[in-house]
Engineer: 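If you scroll down you'll find the structure; I have some questions about it.
Residue numbers start at 1 and run along the sequence shown. As the structure lists them, so they are numbered: ligands from 1, and atoms in each ligand from 1. Everything numeric in this text was worked out from a predicted model, so none of it was measured.
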Amino acid sequence: MRQLILLLGDHLHVDAPALQSFDPAQDHILMIEAVGEGAHVWSHRARITLFLSAMRHYAAGLRAQGLPLTYLTLSSPEFAGRALCDRLAAALVAWRPRQLVMVEAGEWRLAQQIDATAAAADVPLRVLQDPHFLCSHEEFGDWAKGRKRLLMEHFYRVMRRRENVLMEGGEPAGGEWNFDQDNRKSFGRKGPVNLPQPRRFLPDEITRTVMAEVAAVFSDHPGSLAHFDWPVCRQDALAALEDFITHRLAGFGTHQDAMWSDQPWLWHSLLAPALNLKLLDPREVIAAAEAAWRAGLAPLPAVEGFIRQILGWREFIRGTYWLDMPGMAQANHFGHANPLPAWYWTGKTHMHCMAQAVNTTLAHAYAHHIQRLMITGLFGLTAEIRPDALADWYLAVYVDAVEWVELPNVIGMALFANGGRFTSKPYAASGAYVKRMSNYCTDCRYQPEQRVGPQACPLTQFYWNFVAKHEAVLAAEPRTALMAKNLARLPAGELAQLREEAGQRLARLDTL
Ligand SMILES: Cc1cc2nc3c(=O)[nH]c(=O)nc-3n(C[C@H](O)[C@H](O)[C@H](O)COP(=O)(O)OP(=O)(O)OC[C@H]3O[C@@H](n4cnc5c(N)ncnc54)[C@H](O)[C@@H]3O)c2cc1C
Ligand code: SF4
């Protein structure tokens with residue numbers, strides 16, 4: 001065997017880079033399902049199902065092309081082993097390929113393990129750059145060089161110019177790089193109106209088989225499979241893209257930060273899982289959004305806001321992961337040490353905002369960005385939860401979770417655990433924010449404005465406790481000085497009571 005091509009679960013590219021110089025007469029493809037990958041963190045059953053179903057659909061496409069492929073299912077006896085690398089090691093020993101070829105992994109841990117496995121088997125490993133991304137590690141490293149703080153907005157402008165996206169005569173379309181001031185609206189009392197329901201992709205036979213296997217092998221894992229309807233192949237992914245562009249893109253911007261009870265999707269694209277598996281190319285997603293604006297089908301603020309997420313945030317976040325690993329995984333700027341409350345896995349909490357975000361997550365393996373950042377993430381920050389514990393939770397529970405995108409979002413964005421490496425301030429807020437951006441507080445046992453007493457909103461109480469603890473640092477930074485200043489406005493004596501109660505609650509987060 002000349003080359004053994006290892007195709008990982010999130011490497012389901014349209015034109016697989018590792019197959020570019022493929023010779024069926026002397027090369028072979030290997031795809032591995034491994035129990036260990038589903039159990040490395042306590043993965044949601046829908047997350048495992050998505051990966052395995054998408055892999056099996058992809059494998060069917062390779063077989064239809066007549067390409068030589070060995071596909072190891074969870075239960076296939078060939079090259080048995082729980083860990084992906086145990087199965088790989090056995091294949092390397094049996095086949096002795098002259099070279100192992102793969103596209104760069106999406107996770108530092110796996111990259112190290114595969115490297116070590118190939119070395120132990122004495123098989124040279126060739127790692128190909130992933131052409132899915134618009135910015136390579138080298139390009140991001142060059143951009144980041146010499147910058148103490150990495151700001152997405154600067155990176156985004158470079159990418160807009162370089163890729164010539166939403167540009168007119170060398171200037172940003174509409175004269176602004178960023179239309180976020182138009183994109184922060186709440187729904188008002190009536191809630192979302194004319195909400196389009198996203199297209200569903202009901203499980204086909206392959207997916208149903210995977211669901212049954214996952215339910216059996218991962219029977220004690222969290223999350224429901226009852227609502228599984230994610231796109232699992234290229235055709236579905238393209239249909240999901242079209243559905244978003246046609247029905248939700250125009251409304252994407254306005255209520256991007258808003259939340260509403262029992263409305264998990266709103267105007268979000270739901271494209272992250274298909275993108276992260278590489279079933280969609282970010283270039284085609286960006287081009288489709290820009291074309292919709294040019295055709296007058298969606299307003300510029302919505303389209304710019306959406307494109308910024310893909311061309312800006314997604315590429316930026318990936319750059320920071322590879323730049324700062326492995327240290328990023330251990331970052332704990334505030335030294336937070338609280339364990340993750342058990343209700344993150346059950347949704348059984350009296351805080352209605354948390355129950356909404358967690359229950360949506362358990363039902364669909366999805367929560368939209370603002371729920372992740374400003375509900376479960378915000379709580380993690382001010383409730384002083386250990387960053388690695390919360391990061392493991394995020395990696396486990398979302399269909400789109402791959403560590404290169406999950407970890408920087410948790411460590412850098414939600415928790416400020418890397419000390420502001422790429423955020424200019426911690427995303428700390430009180431229950432007043434949740435009240436403004438959602439209807440969650442109307443159904444809650446707690447009161448968002450109340451700072452002390454049994455009905456005090458835990459988010460409000462923890463927020464002021466956080467500000468009081470870090471008052472000096474917050475006061476010294478222009479973007480957070482107001483937080484510290486407002487602390488002085490609390491009624492005399494209240495702060496001591498608030499901190500006392502917050503301390504008691506922080507010691508029993510499970511009961512909130
Ligand atoms: C704590 C936390 C954890 C997160 N974990 C993940 C994760 O594991 N996987 C993941 O793909 N995204 C993650 N995100 C980013 C974002 O929340 C999700 O990409 C988004 O919610 C997915 O839903 P959507 O496809 O409907 O996105 P939309 O709201 O429709 O956004 C459009 C697209 O932009 C991209 N995008 C938006 N925001 C970000 C961001 N901050 N970082 C990278 N890409 C972004 C995604 O590809 C997304 O599909 C996380 C964010 C936070 C705050
Ligand atoms: S009152 Fe506090 S805990 Fe309850 S929903 Fe509002 S923000 Fe969440």
Side-chain angles (χ1 to χ4, degrees), residues 10 47 106 152 198 230 240-241 244 248-249 252-253 256-257 259 261 264-277 280 282 285-286 289 305-318 320-321 349-357 364-381 387 390-391 393-415 422-423 427 429-450 455-463 512:
D10 61 338
R47 175 176 183 249
M152 195 290 295
W230 293 100
L241 172 60
F244 168 68
R248 299 194 302 287
L249 173 63
F252 177 85
Q256 208 178 321
D257 286 2
M259 300 169 275
S261 287
W265 321 118
L266 299 171
W267 278 268
H268 292 276
S269 72
L270 319 183
L271 293 176
L275 275 164
N276 295 352
L277 295 178
L280 286 176
V285 176
I286 292 166
F306 176 71
I307 286 179
R308 177 157 24 94
Q309 308 308 313
I310 312 260
L311 181 62
W313 278 113
R314 189 167 181 268
E315 296 285 330
F316 173 82
I317 282 288
R318 174 175 181 261
T320 64
Y321 176 78
T349 163
H350 302 293
M351 292 179 284
H352 188 63
C353 52
M354 298 298 151
Q356 279 287 318
H364 302 288
Y366 178 86
H368 62 72
H369 181 69
I370 218 68
Q371 289 178 308
R372 299 189 202 193
L373 183 66
M374 296 307 285
I375 302 292
T376 43
L378 166 64
F379 186 86
L381 169 68
L390 196 59
W393 180 79
Y394 277 102
L395 187 58
V397 296
Y398 291 115
V399 265
D400 51 46
V402 188
E403 201 181 73
W404 65 262
V405 56
E406 171 271 337
L407 194 69
N409 269 301
V410 178
I411 296 293
M413 301 295 296
L415 299 184
F422 48 86
T423 39
Y427 282 96
S430 72
Y433 172 86
V434 177
K435 186 182 172 195
R436 190 167 67 250
M437 298 309 294
S438 74
N439 67 338
Y440 292 158
C441 301
T442 50
D443 288 321
C444 189
R445 133 184 318 199
Y446 302 107
Q447 298 296 323
E449 298 86 6
Q450 214 150 313
Q455 280 197 304
C457 163
L459 282 184
T460 299
Q461 210 165 49
F462 293 164
Y463 169 76
L512 290 174

Engineer: What is the nearest protein non-hydrogen atom to atom 39 (C) of ligand 1, stated with its residue, atom name and distance?
Structural biologist: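 Atom 39 (C) of ligand 1 sits closest to the protein heavy atom W313 CB, 4.0 Å.
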Engineer: Does a side chain donor of either Y440 or Q371 reach within less than 3.5 Å of an acceptor in the other side chain?
Structural biologist: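 The answer is yes; a qualifying pair exists.
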Engineer: For atom 12 (N) of ligand 1, what's the nearest protein heavy-atom neighbour? Residue, atom name and distance, please.
Structural biologist: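 For atom 12 (N) of ligand 1, the nearest protein heavy atom comes out as V405 CG2, 3.6 Å.
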Engineer: Just by modelled atom types, is the S269 backbone N or O under 3.5 Å from a matching donor or acceptor in the R248 side chain?
Structural biologist: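 Yes, because the side chain of R248 sits within donor-acceptor range (under 3.5 Å) of the backbone of S269.
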Engineer: Going by the closest heavy atom to atom 16 (C) of ligand 1, which one wins out of Q371, M374, H369, R318?
Structural biologist: H369
Engineer: Tell me the closest heavy-atom pair linking V399 and P273, and the distance in Å.
Structural biologist: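 Nearest pair, atom of V399 first, then P273: CG2-CG, 4.0 Å.
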Engineer: Which word best sums up how the rings of F252 and H268 line up, parallel for under 30°, tilted for 30 to 60°, or perpendicular for over 60°?
Structural biologist: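 Rings of F252 and H268: perpendicular, over 60°.
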Engineer: What I want to know is whether Y366 and ligand 1 share at least one N or O pair that is separated by under 3.5 angstrom.
Structural biologist: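 Yes.
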Engineer: Nearest to atom 20 (C) of ligand 1 by heavy atom, R372, Q256, H268: which?
Structural biologist: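 The nearest heavy atom belongs to R372.
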Engineer: Report the distance from atom CG of N439 to atom OG of S261, rounding to the nearest 0.5 Å.
Structural biologist: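 So the CG of N439 and the OG of S261 are separated by 4.0 Å.
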Engineer: Using 30° and 60° as the class boundaries, would you call the ring planes of F316 and F422 parallel, tilted or perpendicular?
Structural biologist: perpendicular
Engineer: Nearest to atom 27 (O) of ligand 1, what protein heavy atom do you find, and at what distance?
Structural biologist: S269 OG, 3.9 Å
Engineer: Could you tell me which atoms of ligand 1, counted from 1 in the order shown, lie closer than 4.0 angstrom to a heavy atom of N276?
Structural biologist: 9 (N), 10 (C), 11 (O)
Engineer: At under 4.0 Å between heavy atoms, is it the side chain or the backbone of W265 that contacts ligand 1, or both, or neither?
Structural biologist: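 Answer for W265: neither.
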Engineer: On a heavy-atom basis, which atom in E406 and which in A391 lie closest, and how many Å separate them?
Structural biologist: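 Answer, listing the atom of E406 first, then A391: OE2-O, 2.7 Å.
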Engineer: Provide, to 0.1 Å, the distance between atom 19 (O) of ligand 1 and the closest protein heavy atom, together with that atom's residue and name.
Structural biologist: A272 CB, 4.0 Å
Engineer: Considering heavy atoms of the protein only, find what lies nearest to atom 42 (N) of ligand 1 and give residue, atom and distance to 0.1 Å.
Structural biologist: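 For atom 42 (N) of ligand 1, the nearest protein heavy atom comes out as N409 ND2, 3.1 Å.
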Engineer: State the CZ-CG distance between F306 and L271, to the nearest 0.5 angstrom.
Structural biologist: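 These two atoms lie 5.5 Å from each other.
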Engineer: If you measure from CG on L415 to CG on N409, what distance do you get to the nearest 0.5 Å?
Structural biologist: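 The distance works out to 10.5 Å.
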Engineer: Rounded to the nearest 0.5 Å, what separates atom CZ in F379 from atom CE in M354?
Structural biologist: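 If we round to the nearest 0.5 Å, F379:CZ and M354:CE are 5.5 Å apart.
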Engineer: Please could you name the atoms of ligand 1 that I317 approaches to less than 4.0 Å, counting only its heavy atoms?
Structural biologist: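 Near I317, meaning under 4.0 Å from one of its heavy atoms, ligand 1 has 42 (N).
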Engineer: With no hydrogens and no angle check, do the side chains of Y446 and T460 hold a donor and an acceptor under 3.5 Å apart?
Structural biologist: no
Engineer: Atoms of ligand 1 less than 4.0 Å from I310 heavy atoms?
Structural biologist: 33 (C), 34 (O)
Engineer: Would you mind finding which of L378, L249, L407, D400 brings a heavy atom closest to atom 10 (C) of ligand 1?
Structural biologist: D400
Engineer: Just let me know how L275 lines up against ligand 1, side chain, backbone, both or neither, with a heavy-atom cut-off below 4.0 Å.
Structural biologist: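 The side chain, only.
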Engineer: Can Y394 be said to touch ligand 1, with heavy atoms closer than 4.0 Å?
Structural biologist: yes
Engineer: Could you tell me whether ligand 1 has any atom less than 4.0 Å away from a heavy atom of W267?
Structural biologist: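 Checking ligand 1 against W267, which is what was asked, there is no heavy-atom contact under 4.0 Å.
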Engineer: Counting heavy atoms only, which of R308, Q309, M152, M413 is nearest atom 37 (C) of ligand 1?
Structural biologist: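 It is Q309 that holds the nearest heavy atom.
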Engineer: Under 4.0 Å from a heavy atom of F252: give me the atoms of ligand 1 that qualify, with their elements.
Structural biologist: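 Every atom of ligand 1 under 4.0 Å from some heavy atom of F252: 28 (P), 29 (O), 30 (O).
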Engineer: Let me confirm one number: the OH-CG distance from Y433 to L378, rounded to the nearest 0.5 Å.
Structural biologist: 9.0 Å
Engineer: Looking at NZ of K435 and SG of C457, how far apart are the two atoms once the value is rounded to the nearest 0.5 Å?
Structural biologist: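 Here the interatomic distance stands at 11.0 Å.
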Engineer: With a 6.0 Å cut-off on the ring centroids, do W265 and Y366 count as close?
Structural biologist: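 That pair passes the under 6.0 Å test.
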Engineer: Quick one: which ligand 1 atoms are inside 4.0 Å of a heavy atom on R314?
Structural biologist: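 Ligand 1 atoms under the 4.0 Å threshold to R314: 43 (C), 44 (N), 47 (O).
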Engineer: Answer yes or no: is there an ion pair linking R436 with D257, defined by an N-O contact shorter than 4.0 Å?
Structural biologist: no
Engineer: Using a 4.0 Å cut-off to any heavy atom of L373, which atoms of ligand 1 qualify?
Structural biologist: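 Once the distances to L373 are compared, the set is 53 (C).
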Engineer: Please say whether the positively charged group of R47, taken as NZ for Lys or CZ for Arg, lies over the ring of Y398, i.e. under 6.0 angstrom from the six-membered ring centre and within 45 degrees of the axis.
Structural biologist: no
Engineer: Give the atom numbers and elements of ligand 1 that come within less than 4.0 Å of a heavy atom of E406.
Structural biologist: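 Counting from 1, the qualifying ligand atoms are 5 (N), 7 (C), 8 (O).
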Engineer: Check the side chains of H352 and T442 for a donor-acceptor pair under 3.5 angstrom, ignoring hydrogens and angles.
Structural biologist: no
Engineer: Please give me the protein atoms (N, O or S only) lying under 2.8 Å from atom 6 (Fe) of ligand 2, ordered by chain and number.
Structural biologist: C441 SG
Engineer: Could you tell me, atom by atom, which parts of ligand 1 come under 4.0 Å of a heavy atom of L270?
Structural biologist: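 Reading through ligand 1 atom by atom, the close ones are 24 (P), 25 (O), 26 (O).
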Engineer: Check each heavy atom of F244 against ligand 1 and say whether those closer than 4.0 Å belong to the side chain, the backbone, both or neither.
Structural biologist: neither
